> 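I'd like to ask some things about the structure below.
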Number of protein chains: 2
Amino acid sequence: MKRKNYSSEEIEKKLIEKGVQPTLQRIALCQYILCVADHPTADEVFDWAQKNMAKISQATVYNTLGVLTDSGLIRAFKFPHTEKIVYDCNIEDHFHFFDEKSGRILDIEADSVKLNLDLPKKYKVNSIDIVFKGEIK
Amino acid sequence: MKRKNYSSEEIEKKLIEKGVQPTLQRIALCQYILCVADHPTADEVFDWAQKNMAKISQATVYNTLGVLTDSGLIRAFKFPHTEKIVYDCNIEDHFHFFDEKSGRILDIEADSVKLNLDLPKKYKVNSIDIVFKGEIK
DNA sequence: CTTCCTAATTAGAATAGTTCTAAAACTAGA
DNA sequence: TCTAGTTTTAGAACTATTCTAATTAGGAAG
């Protein structure tokens, strides 16, 4: 839901801030990933790219998604319902809701989930992944 | 931790109960999956089978894991840390702890996690997957 | 501008895990 | 035993992703 409308300049600035060389391909892909897409997979990004920009290779899409993920501009998730890696421009701590009807993934804010754990003391938890599955009425 | 020592006869009975034809291969694989293995992947099951039983094909291992999963005797999970499907003989509702040091997966009983959700009413939750990542000291 | 130098892009091959296919081998029931 | 339906099997096919090696583009220095 945090769909923004970044200009090329703003995206360029973001990339530089993160130490990523702002090439034409990367800026274009960011337009889609940061502004338009909703939890896209690599092939969705590639499909969009083929329709909306000059010739680009699949490898560049994968490279770029890797670079963006490593730089912390986006995050990569793996969900139980698909093999494909899903990318998320929401880099805050959060959980996910998978709508079994539509296949859509929705973000769940971290503070709408209160957890009360009773684990053995020696279990040191570094991070928690939660996926709710269900449907939206 | 629910490591049992089922005899061939007990396994055969379980398979029949679930409407699964108890072939030699299926019984043998169940010995490993239900009694010995701890969250195995398909290739771990295949490795074990090659060492411990007469010639068996990889396809049979995949078929059998599929049949056992469909029948409800075991469950299949997909975790964020690996591509491989992980099988679990614990068919109760439960969550998982992934030990980042050892790579081991441990079961977390459902009632050691209390959840307090504040989701929009129209979100109907059917199931919840939780993976804790961390280390065991 | 050129000349380097490095980094990014590319096409295609390679890989990993899994599923499919078609044939052969079983198994259960009549 | 015969037959029909299952299982098993080897190998091919498939899907998502990563790797490789060659080409191209972008800067910095002169």
Side-chain angles (χ1 to χ4, degrees), chain A residues 8 11-12 15-16 18-30 32-33 37 39-50 52-71 73-88 103 105, chain B residues 8 11-12 15-16 18-30 32-33 39-50 52-71 73-87 103 105:
Chain A
S8 304
I11 286 172
E12 197 166 337
L15 290 170
I16 291 167
K18 296 286 184 178
V20 176
Q21 203 172 295
T23 65
L24 287 178
Q25 289 90 335
R26 288 174 179 172
I27 293 168
L29 293 181
C30 278
Y32 177 62
I33 299 165
H39 298 94
T41 58
D43 62 305
E44 280 164 26
V45 176
F46 184 52
D47 286 352
W48 175 89
Q50 288 201 298
N52 297 277
M53 52 187 289
K55 182 175 76 109
I56 189 172
S57 79
Q58 204 182 20
T60 301
V61 170
Y62 276 102
N63 282 344
T64 302
L65 288 168
V67 167
L68 297 178
T69 303
D70 291 346
S71 75
L73 252 170
I74 62 176
R75 293 178 61 182
F77 286 98
K78 216 108 67 32
F79 292 108
H81 69 281
T82 168
E83 305 296 298
K84 301 181 187 176
I85 297 170
V86 170
Y87 296 90
D88 195 336
I105 294 159
Chain B
S8 303
I11 287 172
E12 197 168 336
L15 290 170
I16 292 168
K18 295 287 185 179
V20 175
Q21 205 171 293
T23 65
L24 286 178
Q25 289 89 338
R26 288 173 180 171
I27 293 169
L29 293 180
C30 279
Y32 178 62
I33 299 165
H39 298 94
T41 58
D43 62 305
E44 280 163 26
V45 176
F46 184 52
D47 286 352
W48 175 89
Q50 289 202 296
N52 296 278
M53 52 187 289
K55 182 173 75 108
I56 188 171
S57 79
Q58 203 182 22
T60 300
V61 170
Y62 276 103
N63 282 346
T64 301
L65 288 167
V67 166
L68 296 178
T69 303
D70 292 347
S71 76
L73 251 170
I74 63 177
R75 294 178 61 181
F77 287 97
K78 215 103 77 29
F79 291 108
H81 69 280
T82 169
E83 307 295 298
K84 302 181 188 176
I85 298 171
V86 170
Y87 297 90
I105 295 159

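A, B, ... follow the sequence lines: proteins, then strands. Residue 1 opens every chain. Only this structure's heavy atoms are used, side chains among them; waters, hydrogens and symmetry mates stay out. The model shown is predicted, which means the values in this text are computed figures rather than measured ones.
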> Could you list by number each residue of residues 77-88 of chain A showing a heavy-atom separation from DNA chain D of less than 4.0 Å, or answer none if no residue does?
A:Lys84, A:Ile85
> Going by the rule side-chain contact (heavy atoms from CB on, under 4.5 Å), which residues pair with A:Leu24 if we only count those two or more places apart in sequence or in a different chain?
none
> Using a heavy-atom cut-off of under 4.0 Å over every strand shown, decide if A:Gln58 touches base, sugar-phosphate, or nothing.
base
> Return the set of residues passing side-chain contact (heavy atoms from CB on, under 4.5 Å) with A:Ala49 (not counting sequence neighbours), or none when no residue passes.
A:Leu29, A:Met53, A:Ile56
> Going by side-chain contact (heavy atoms from CB on, under 4.5 Å), name the residues that satisfy it together with A:Val20, two or more places apart in sequence or in a different chain.
A:Leu15, A:Lys18, A:Arg26, A:Val67, A:Ser71
> Under the side-chain contact (heavy atoms from CB on, under 4.5 Å) rule, collect the residues that match up with B:Gln50, sequence neighbours excluded.
B:Phe46
> List for me each residue that meets side chain to side chain donor-acceptor pair (under 3.5 Å) alongside A:Thr69, sequence neighbours excluded, and say none if there are none.
none
> Who are the side chain to side chain donor-acceptor pair (under 3.5 Å) partners of B:Asp43, not counting sequence neighbours?
B:Thr41, B:Lys84
> Under the side chain to side chain donor-acceptor pair (under 3.5 Å) rule, collect the residues that match up with B:Thr60, sequence neighbours excluded.
B:Ser57
> Does anyone know the first and last nucleotide of DNA chain D in reach of chain B, 5' to 3', at under 4.0 angstrom to a heavy atom?
D:dT6 to D:dA10
> What residues, two or more places apart in sequence or in another chain, satisfy side chain to side chain donor-acceptor pair (under 3.5 Å) together with A:Ser8?
A:Gln31
> Going by salt bridge (charged side-chain N to carboxylate O under 4.0 Å, His left out), name the residues that satisfy it together with B:Lys78, two or more places apart in sequence or in a different chain.
A:Glu83
> Might you list the N or O atoms of the protein lying below 3.5 Å from N or O atoms in nucleotides 21-27 of chain C, with each pair's distance?
none

> Starting at the 5' end of DNA chain C and moving along, which residue's nearest nucleotide shows up first, A:Thr64 or B:Tyr62?
A:Thr64
> Without swapping roles, check the side chain of A:His39 against the backbone of A:Val86 for a donor-acceptor pair under 3.5 Å.
no
